[in-house]
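Structure record follows, encoded as structure tokens.
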Amino acid sequence: MSDVIPRHVLCVLGSGSGFGLAEMERVAGAFGGFVLDREYSQDEPDPRMPEAFEASMAGVPFGEADREAVASHDTVGYLLSAPMMRGLAADTSRRLLEVTAALLRSGAAAVKNESSGVAHGRDRWLALGEQAAEAKDEELAAVLVNAWVKRPIYDGEVLYSCGMHLLGAPDVEIEVDEEQLAADGVPDLVTHLDALAIYLLADPRAQEIEDGAGFRLTEDAPRHVLRTGDCDRYDEDDLFFNPYGYIRLTRPQ
């Protein structure tokens, strides 16, 4: 396993409301453990932001108000979590949802996560923050996956996730063929990805998964063989790199 320790890098935009870098730092500082990266943050707009946010949208597209907020930004801040040991990652990610909601309520225009390439609109971020505050166990795992993990991403062979390292777990993959994609089988494939991701976070038995183990959605569902491996999709200095590797669902037997 790699020695890399993941961390969140949160891109926060301010826009004409007096919400600049000092306010970002003040709001985040109230939660402890999150700091402003002064080297890369800037009190001026970045023309790359509209395209970057569009590329990072997670499933539900931005509304027009979200696009306007990004287009009119005048400040770009980068908030850093501390490097997260595996056992603390999920709780740190839950607390960062609180921070994200507080930033938006205090005047931030938009937020995206540089460590998984995922962005949500304002209303979606706030809803996820509210859900995380009340959820436990599997429900909390599902909220954290929905908040921080980008999926599905297709590489021509598998659908895969990016961001599980922020929750202390391997990323998840599922083998697919063109017929499944053409037949609009993506929702079912994503259901399998999400079920495996939530299992990895919520079930203590997941710590004992070995290469070649079996996985079923239900007792009478088709059996998938699990394959484990190291993360070779990203370099170790890439924020997307997962030191815990990946777990792949092979085609059902």
Side-chain angles (χ1 to χ4, degrees), residues 2-15 19-58 66 69-70 73 75-86 88-104 106 108-122 124-125 128-129 132 144-151 153 161-169 171 231 233-244:
S2 169
D3 293 331
V4 171
I5 303 177
R7 77 187 311 170
H8 283 276
V9 178
L10 205 64
C11 175
V12 185
L13 304 186
S15 177
F19 191 83
L21 298 181
E23 279 298 293
M24 292 181 197
E25 194 166 34
R26 181 189 64 78
V27 172
F31 290 84
F34 306 100
V35 298
L36 185 70
D37 185 339
R38 287 283 179 179
E39 180 178 357
Y40 292 102
S41 300
Q42 59 186 52
D43 280 312
E44 59 185 37
D46 184 334
R48 300 170 298 176
M49 285 297 127
E51 183 178 352
F53 270 76
E54 287 286 345
S56 299
M57 290 189 305
D66 295 308
V70 173
H73 79 280
T75 304
V76 182
Y78 291 96
L79 288 172
L80 311 178
S81 75
M84 301 179 294
M85 301 303 293
R86 191 168 189 174
L88 300 176
D91 185 65
T92 300
S93 295
R94 180 193 58 77
R95 291 196 301 113
L96 189 56
L97 267 179
E98 294 183 58
V99 176
T100 301
L103 289 164
L104 290 166
S106 299
V111 176
K112 71 183 180 79
N113 194 304
E114 300 289 328
S115 299
S116 61
V118 71
H120 305 286
R122 172 188 171 85
R124 176 66 168 158
W125 276 125
L128 288 166
L144 294 177
V145 169
N146 286 332
W148 302 122
V149 181
K150 188 168 186 176
R151 73 223 186 274
I153 310 168
S161 70
C162 177
M164 290 292 288
H165 60 305
L166 302 175
L167 308 177
D171 271 294
C231 180
R233 190 168 276 120
Y234 309 107
D235 294 333
E236 286 199 357
D237 60 355
D238 193 311
L239 290 172
F240 294 173
F241 178 78
N242 191 328
Y244 316 119

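These numbers come from a predicted model, not from an experiment.
- For the pair Ser116 and Phe240, the tightest heavy-atom approach, listed with the atom from each and the gap, is C-CE2, 3.5 Å.
- When the side chain to side chain contact (heavy atoms under 4.5 Å, CB included) test is applied to Ser2, the partners found at least two apart in sequence or on another chain are Val4, Glu236, Phe241, Pro243.
- Partners of Tyr40 by ring-ring contact (aromatic ring centres under 6.0 Å, His included), not counting sequence neighbours: none found.
- In this view, Ala90 and Leu144 satisfy the side chain to side chain contact (heavy atoms under 4.5 Å, CB included) rule, not counting sequence neighbours.
- A donor-acceptor pair is defined here as one N or O able to donate and one able to accept, closer than 3.5 Å; no such pair exists between the side chain of Asn242 and the backbone of Cys162.
- Every residue was checked against the ring-ring contact (aromatic ring centres under 6.0 Å, His included) condition with Tyr244, not counting sequence neighbours, and none meets it.
- At least one donor-acceptor pair closer than 3.5 Å links the side chain of Ser93 to the backbone N or O of Leu166.
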Tabulate below the donor-acceptor pairs under 3.5 Å that side-chain atoms of residues 75-86 make, not counting sequence neighbours, or state none.
unit_1	atom_1	unit_2	atom_2	d
Ser81	OG	His8	N	2.9
Arg86	NE	Gly168	O	2.8

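- Asp46 places a side-chain N or O within 3.5 Å of a backbone atom of Arg48 that can act as its donor or acceptor partner.
- Proximity of a side-chain donor or acceptor of Asp171 to a complementary backbone N or O of Met164 within less than 3.5 Å is detected.
- Relative ring orientation between Trp125 and His120 is described as perpendicular, the plane-to-plane angle rising above 60° on a 0-90° scale split at 30° and 60°.
- Among residues at least two apart or in separate chains, salt bridge (charged side-chain N to carboxylate O under 4.0 Å, His left out) pairs with a member in residues 24-42 are Glu23-Arg26, Glu25-Arg38.
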